[in-house]
There are 2 protein chains.
Amino acid sequence: MEHAAKHFRKRDAILSCLRGTTIHPSAEMVHDLLQESHPDISLATVYRNLSLFKAQGTIQSLGMIHGIERFDGNTNPHVHFVCNCCSAIMDLHQMDAPQRLCNEAAQHIGGQVDSCQLMFFGTCRACLAKQESA
Amino acid sequence: MEHAAKHFRKRDAILSCLRGTTIHPSAEMVHDLLQESHPDISLATVYRNLSLFKAQGTIQSLGMIHGIERFDGNTNPHVHFVCNCCSAIMDLHQMDAPQRLCNEAAQHIGGQVDSCQLMFFGTCRACLAKQESA
DNA sequence: AAGAAAATGAGAATTATTCTTATTTATTTG
DNA sequence: CAAATAAATAAGAATAATTCTCATTTTCTT
C-alpha cells in the first residue's frame, strides 16, 4: 500500500530535538528539552523512539557515559570528548574521523568491522575553571 | 598460617583473574571464572573490588558494552574490537595506540585530556561463520 | 464515518550495580 | 600467645536507568 509521509508529532519532536542540539543528550535530557513544547510527553515515549531511531540508524548512540546512554543526531562519524567532571560531551569535528582505520582493524581481527568510536576523556575548560576557583 | 592465607585473599584472586585473561570480563564473568578456585566468593565482593582497583588505576574499565561494564587487567593503552553479536571483546595490539592524538585533542577542546579510547564494532569471525551456516 | 493499525502515557517490571549490616578474617599491640 | 582493632566478606535489600505491559488515544485506510 502506498503511504504518504506519516506525521507523528511526538516522534518527530524527539528527532528534531536530537538534530537541533549538540549536547548529545540522554533520554532524560531529551525529555527535559521537550518539556516546553510538549509538556505531556512521556519518558517511555522518549525511550521507545530513541531505540527505534537507533535501530533504524537515524541517530547514533554514543554508548553509556558514566552509566547513562547518550545519543547523537549527527550520524556522520566524528570524534568526541567526554568531561569526566560534568559528563558534558563535545564534538571534535576538527579531528580526522578514524574511519580509515576500519579496514586495518578488519584485517587484524579477521571479522567484519562496521563502525568505530574514538573518544577522549578528561576535564573540560569550564570544570577546570571551577576547580581553580575552589 | 596467617601469612600464607594473605596471598589467597579473594581480592588477590580477583586481580589475578583479570590479569590472567584476555576476555575483558564483566563482574559476573569474573565471578564465574572464580567459581572453581573460590566457590564461595560473593558477587558483591567482586563488584566491590573491581571498583576499588578501578579507582586505584590498577585495572581499567572499558565502559559499558551492551549494557554491562567490562574490565581489562592490562592498563597499557591499546585498541579494542567489540563483537555486536556475542559481545566478545578482543585486543588489537597490532594497531597504534591513539595516545599521540591526546595532545591534538587537548588543543581543540581547550581542556585537559586524560585518556582516550579507540574501539571498533562489528561481527567477529566466529559469529560470521555461525550466520553463514544458519 | 467506521474499523484497523500505530503511537502514547502511566506505572509496574527488570536488571546491573551499589549499599547495609552482621559476621568472618587479618593485623596490631600488650 | 591473646586481646583489641581494623579490614574484608556474604547475603540480601535498595537503587536507578531502561524496558515492558496494557489500556487509551491518535492516525491512517477504506
Side-chain angles (χ1 to χ4, degrees), chain A residues 1-18 23-56 58-72 82 87 89, chain B residues 1-18 23-56 58-72 82 87 89:
Chain A
M1 299 198 177
E2 201 77 19
H3 292 265
K6 296 180 182 177
H7 194 243
F8 305 115
R9 283 174 305 179
K10 289 178 182 168
R11 177 165 297 172
D12 291 341
I14 291 167
L15 186 54
S16 298
C17 172
L18 262 166
I23 65 170
H24 309 85
S26 65
E28 197 161 12
M29 290 160 93
V30 170
H31 185 251
D32 288 348
L33 287 167
L34 289 173
Q35 273 311 107
E36 200 172 341
S37 59
H38 297 77
D40 60 342
I41 201 168
S42 161
L43 192 50
T45 296
V46 176
Y47 272 107
R48 199 180 313 111
N49 284 299
L50 287 175
S51 294
L52 178 70
F53 291 141
K54 178 175 151 187
Q56 291 174 338
T58 310
I59 66 174
Q60 69 168 316
S61 166
L62 303 184
M64 310 274 266
I65 304 296
H66 304 154
I68 298 173
E69 186 166 20
R70 303 285 288 264
F71 299 90
D72 195 336
V82 176
S87 296
I89 302 178
Chain B
M1 197 187 285
E2 287 88 37
H3 264 272
K6 177 182 175 183
H7 291 289
F8 289 90
R9 276 189 308 191
K10 291 175 180 169
R11 177 166 298 171
D12 293 338
I14 291 166
L15 186 54
S16 298
C17 172
L18 261 166
I23 66 170
H24 309 85
S26 65
E28 197 161 11
M29 290 160 94
V30 170
H31 185 251
D32 288 350
L33 287 168
L34 289 173
Q35 273 310 107
E36 199 172 341
S37 60
H38 297 77
D40 59 343
I41 200 168
S42 159
L43 191 52
T45 295
V46 176
Y47 273 107
R48 198 183 317 108
N49 285 299
L50 287 175
S51 293
L52 178 69
F53 291 140
K54 178 175 151 187
Q56 291 175 338
T58 310
I59 66 174
Q60 71 168 316
S61 166
L62 302 184
M64 310 273 266
I65 304 296
H66 302 154
I68 298 175
E69 186 165 19
R70 304 285 288 264
F71 299 90
D72 195 338
V82 176
S87 295
I89 301 178

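Letters A, B, ... are given to chains in the order of the sequence lines, protein chains preceding strands, and every chain is numbered from 1.
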Whole-Å distance between [N] [atom2] and [X] [atom1]?
| X | N | atom1 | atom2 | answer |
| --- | --- | --- | --- | --- |
| B:His38 | C:dT25 | NE2 | P | 13 Å |
| B:Leu50 | C:dT18 | CG | P | 9 Å |
| B:Asp12 | D:dA7 | CG | C1' | 13 Å |
| A:Ile14 | C:dA7 | CD1 | C1' | 10 Å |
| A:His66 | C:dT18 | NE2 | C1' | 17 Å |
| B:Ile68 | C:dA16 | CD1 | P | 5 Å |
| A:Ile41 | C:dT8 | CD1 | P | 7 Å |
| A:Met64 | C:dT15 | CE | C1' | 11 Å |

Determine the contact category for [X]: base if any of its heavy atoms lies under 4.0 Å from a base atom, sugar-phosphate if only primed atoms, P, OP1 or OP2 are that close, otherwise nothing.
| X | answer |
| --- | --- |
| A:Glu69 | sugar-phosphate |
| B:Leu43 | nothing |
| A:Ser26 | nothing |

Which sits closer to the 5' end of DNA chain D, B:Leu52 or A:Ser51, going by the nucleotide each is nearest to?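 Between the two, 5'-proximity favours B:Leu52.
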From the set C:dT17, D:dA10, C:dT8, return the single nucleotide nearest to any side-chain atom of B:Tyr47. C:dT17
Is there a side-chain contact between [X] and the phosphate of [N], meaning an N or O under 4.0 Å from OP1 or OP2?
| X | N | value |
| --- | --- | --- |
| B:Thr45 | D:dA10 | yes |
| A:Lys10 | D:dT26 | no |
| B:Arg9 | D:dA7 | no |

Between [X] and [Y], is there a donor-acceptor pair closer than 3.5 Å when you use the side chain of the first and the backbone of the second?
| X | Y | value |
| --- | --- | --- |
| A:His66 | A:Ser87 | no |
| B:His38 | B:Lys10 | no |
| B:Arg70 | B:Leu62 | no |
| A:Thr45 | A:Ile41 | no |
| A:His24 | A:Phe71 | no |

Of B:Gly67 and B:Ala44, the one whose closest DNA chain C nucleotide lies more 5':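 Of the two residues, B:Gly67 wins.
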